[in-house]
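One structure is given here, and the rest of the page talks about it.
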Amino acid sequence: MDQDTPVILVFDSGLGGTTILNHTLARKIRGPFIYVADNKFLPYGQQKKEFIQERVLEIFSKLNQKYTIESAVLACNTVTAYVAEQLRGSFNFPIIGMEPGLKPAIKATKNKNIGILATEGTIKSLRFTSLVDRFVSDEHNLIIIPGVGLVEEIENLPDSAENLLNNLKPKIKQFEDADIDVLVLGCTHYPIIIEQLKSLFSNNIEIIDTSEAVVNELEKFIKTEYSSNNQEVDVMVSDNSNSYYEKIKKVIHSSSIKQIKFI
Ligand code: DGL
């Protein structure tokens, strides 16, 4: 990709953002795309806020020097919670963030018991607490569980399948004991195991995943003057092992993917 071609940046700590990228590709939104995974410091949800802020600002500055960024998707709830505002203040391209889908959950619940599974970072963030303050009334019962360990286990599938199951079971039990009828997925890694999550609940629950909403938002910023059918994806990983790139490559639904050096 040359420096003057406007690119759409999709950023996450690891594999999670591919759930957003794949929705984008399926909707035939044109690229080219750069997918950046900062897997060296994964899981972001267990890192200090200040560290993530500094790290993501530095990565974005370098990317901005190297590329013409048309818009950027923070395909990560944790990054959005910690850095979205600073990024918006520092760069003049549109930055699309994401947050746990509380509003759709409130709409969907019938018994008013809503489960939320998100990273510890997202749950502790001011952005999340203010979201809860704004939209959740006393009649709702929120069961908020941090998905500690899940991101690493999802990253390491299939080897980690047993650990993942052992980690999920008590969490699902807590949700079931609280009789939730809606579960919000507050981390982009979790839709990767959406079928497993569904199968672990004994009752039918509605799962809220905000991937489509993020893509709707991105679509508003796509400039038609650059219109093309380009679905090329350049992938950058910070822990530059070939095996990590191969893993990402397998889950991205594009026939035109190549690895490029981390900035
Ligand atoms: N996928 C990211 C999110 O949506 C974070 C995963 C991590 O903890 O690295 O929050």
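Counting from 1, the numbers follow the sequence of the chain as shown. Ligands are counted one by one from 1 in listed order, and the atoms in each one are counted from 1 as well.
When each atom of ligand 1 is checked for a heavy atom of Ser13 under 4.0 Å away, the hits are 5 (C), 6 (C), 7 (C), 9 (O). Those atoms of ligand 1 with a heavy atom of Asp12 less than 4.0 angstrom away are 1 (N), 2 (C).
In the hydrophobic clustering of this structure, Leu197 groups with Leu15; members are Ile, Leu, Val, Met, Phe, Trp, Tyr whose side-chain heavy atoms approach within less than 4.5 Å, directly or through other members.
In plain terms, the two heavy atoms of Gly16 and Glu155 that are nearest each other are N-OE2, 4.4 Å.
When hydrogens are left out, the protein atom nearest atom 10 (O) of ligand 1 is Thr78 OG1, 2.6 Å; that is the closest non-hydrogen contact. Annotation: atom 8 (O) of ligand 1 to nearest protein heavy atom, Gly45 N, 2.8 Å. Atom 7 (C) of ligand 1 has Tyr44 N, 3.2 Å as its closest protein atom, hydrogens excluded (heavy atom only).
Distances from atom 4 (O) of ligand 1 to the heavy atoms of Ile154, Thr188, Thr119 put Thr188 nearest. Summarising the contacts of atom 5 (C) of ligand 1 with Gly121, Cys76, Pro43, the nearest heavy atom is found in Cys76. Heavy-atom proximity to atom 3 (C) of ligand 1, evaluated over Val151, Ile192, Asn77, is greatest for Asn77.
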- Task: Show your reasoning for whether salt bridge (Lys or Arg N to Asp or Glu O under 4.0 Å) applies to Arg55 and Glu58.
- Result: CA-CA 5 Å; Arg55 173 88 185 152; Glu58 191 195 328; 5.2 Å; no

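No more than 12 heavy-atom neighbours from other residues, nucleotides or ligands sit within 6.0 angstrom of NZ on Lys124.
For the ring-ring contact (aromatic ring centres under 6.0 Å, His included) condition, the pairs that include at least one residue of residues 92-123, sequence neighbours left out, are Phe91-Phe93. Among residues at least two apart or in separate chains, salt bridge (charged side-chain N to carboxylate O under 4.0 Å, His left out) pairs with a member in residues 163-174 are Lys173-Asp177.
In summary, the aromatic rings of Phe11 and Phe60 are positioned with their centroids under 6.0 Å apart.
Of the N or O atoms in Thr122, none lie within a sub-3.5 Å distance of an N or O in ligand 1.
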